Every structure is written in C-alpha cells, then in structure tokens.
Amino acid sequence: MTNFAIFISGSGTNLQAIIDAQRAGNLDANISLVVSSRPGAYGITRAQEANIPVLVMNKEDYADPQSADTKILDALHTHNVDYVAMAGYMRKVTPVILDAFPSKVINIHPALLPSFKGAHAIEDAYKAGVKITGVTVHLANEEYDKGTILAQEAVRVEQHMTQDELEEAIHKVEHELYPRVLQSIAHGQLCVE
Ligand code: GRF
C-alpha cells in the first residue's frame, strides 16, 4: 500500500479530511507520518488521535533548512514514505527532500494557479474581485507554487459573499479534492513523466 507523509504547520483540517477519507474507505493508503513545522500546530493533536507518528520540528531546526530537511528525510525513510503531501506547510522544501522524492512532493494551494500565488491567496483573490477562484493541487518544486498542476477545482465567488464565506467554500472544496487526488496517486492513476 502507498505510504503518505503529510506536512503541516497549522490547524490541519486538510490532514483531518485525509484521515477521514481513509477511515471511510475512500483512500486506499497509509498515512505513515505527519511532520509539523511548529510545536503548537493543532494538526499534531489530530495526528495523535489517529495514532499517526508525528515528527515535530521547531524554529531552531529550520535555522539551517538543509539540515532540517535531512532530519525530515531520515524520518521519511524510517517510515517507508512513498509520497509527501503538504497541507498548509509553511516551510520551503529543499532539494534534500525534492531530489529524494522526484515528482512525489505534492501541495495544495487555495487558488487557481498560476493566479494568486503566495501565503494570502484567498484574501488576494477576494480583494481582486475575481468571480471565480478555486483550489489547485500541484507538484512542489524549488519555486513556490510553480510546479506541475495535477488537479484544479473552481469556486464561484457569489455576489454578496464575505471573505470568510469564500474561505469556507474554498476549504470545503479542498477537503474533498485533496483526498481524491491522493487516491488517484495511490491507485497509480496520476503520474508525471
Ligand atoms: C489550506 O488552505 C491550504 O490550501 C493552504 O494552507 C491551508 C491549510 O489549512 N496551503 P489546514 O491546516 O489544512 O486547515
């Protein structure tokens, strides 16, 4: 069975959606490791409640990004990880991991790339007044938000929607799309040549 590692930094609602999909029989894969870049991330609790091993990193670890990734890479090997899925991970993945997992590091971004790259994609799209935004699942590479696009789903910005409502709509789509893409990967239906 395919082993995924999920990388998080925050609340971990996408991690939860992936755990739930697996429990519901909609994801035929193991979540063999969660890596959190922050000791305070609520996603750590979600992982622990699901009995998933967690590697908790901290600010000091990332003082040298390459040695941080070497430490993470060791854990990925220990847990026989096949793919890395970032879900709100706020650290850049260096070539230490990218080269060891070529075309196997995935990210989810809350906008339709290549529009609205960066850490404030939902707010930026809302403020730009776009009528359609959405969610992108893509491969990670050394440049932020620029890897090959694997899947996208549109979200319509309704006329009287607040930014909070848009955020909610985006997250709802994320929680459905990400497990579905991971399932395709686990079944070998999605590969990048
Ligand atoms: C998601 O919106 C994801 O697209 C972005 O960070 C957010 C993570 O949320 N990269 P959560 O931690 O999964 O709740």
Side-chain angles (χ1 to χ4, degrees), residues 4-24 26-27 29 31 33-50 52 54-58 62 72 83-93 97-98 104-128 130 132-157 161-183 185:
F4 285 104
I6 314 294
F7 284 18
I8 62 163
S9 298
S11 70
T13 62
N14 280 283
L15 166 66
Q16 190 66 56
I18 293 163
I19 293 170
D20 292 347
Q22 192 213 26
R23 285 196 178 138
N26 297 325
L27 176 58
I31 306 162
L33 179 69
V34 165
V35 176
S36 175
S37 70
R38 283 198 316 117
Y42 183 65
I44 296 171
T45 304
R46 297 181 192 274
Q48 286 166 341
E49 279 172 0
I52 302 167
V54 190
L55 171 65
V56 181
M57 305 286 286
N58 59 38
Y62 291 100
I72 295 171
Y83 288 89
V84 171
M86 296 193 272
Y89 186 64
M90 300 302 282
R91 293 281 176 175
K92 205 166 177 179
V93 175
I97 291 175
L98 293 173
K104 288 182 172 177
V105 182
I106 304 144
N107 185 40
I108 187 159
H109 183 77
L112 293 177
L113 293 174
S115 294
F116 306 112
K117 300 184 184 79
H120 309 286
I122 301 175
E123 182 183 347
D124 293 346
Y126 186 80
K127 289 192 172 148
V130 296
I132 293 178
T133 179
V135 177
T136 302
V137 178
H138 64 99
L139 292 181
N141 60 17
E142 271 194 83
E143 285 183 278
Y144 273 119
D145 302 331
K146 281 199 176 165
T148 305
I149 291 170
L150 301 178
Q152 287 185 311
E153 195 86 37
V155 172
R156 194 173 287 278
V157 187
M161 236 180 187
T162 64
Q163 192 182 309
D164 283 351
E165 286 166 342
L166 176 61
E167 236 168 76
E168 204 178 306
I170 296 258
H171 291 318
K172 196 164 170 242
V173 168
E174 287 187 322
H175 299 160
E176 188 269 326
L177 181 66
Y178 213 7
R180 191 149 48 84
V181 171
L182 298 189
Q183 172 75 324
I185 290 170

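Numbering of residues begins at 1 and proceeds along the displayed sequence. Just follow the structure's listing: the first ligand is 1, and inside any ligand the first atom is 1. Just so it is clear, the model here is predicted, and its values are computed rather than measured.
- Of the protein's non-hydrogen atoms, the one nearest atom 7 (C) of ligand 1 is Gly88 CA, 4.1 Å.
- Here the shortest heavy-atom distance to atom 12 (O) of ligand 1, taken over Gly12, Gly10, Ser9, belongs to Gly12.
- Within the 4.0 Å heavy-atom cutoff, Ser11 counts among the residues contacting ligand 1.
- Each of the following atoms of ligand 1 lies closer than 4.0 Å to a heavy atom of His171: 2 (O).
- Of all protein heavy atoms, the one closest to atom 14 (O) of ligand 1 is Thr13 OG1, 2.5 Å.
- Across Glu153, Lys117, Gln152, a single residue satisfies side-chain hydrogen bond (donor to acceptor under 3.5 Å, both in side chains) together with Thr136, and that is Gln152.
- Within a 6.0 Å radius of CD in Glu176, other residues, nucleotides and ligands contribute more than 12 heavy atoms.
- Separation of atoms CZ (Arg91) and OG (Ser9) is listed at 8.0 Å; rounding is to 0.5 Å.
- Summarising the geometry, atom CE belonging to Met86 is positioned 13.5 Å from atom CD1 belonging to Ile8; distances are rounded to the nearest 0.5 Å.
- Closest to atom 4 (O) of ligand 1 among all protein heavy atoms lies Glu174 OE2, 2.2 Å.
- Among protein heavy atoms, the minimum distance from atom 9 (O) of ligand 1 is reached at Asn14 ND2, 3.8 Å.
- The shortest N/O to N/O separation between Ile108 and ligand 1 falls below 3.5 Å.
- Counted by atom type alone, His171 and Glu174 present one or more donor-acceptor pairs between their side chains at under 3.5 Å.
- Tyr83 and Phe4 have tilted rings, their planes meeting at an angle from 30° to 60° on a 0 to 90° scale.
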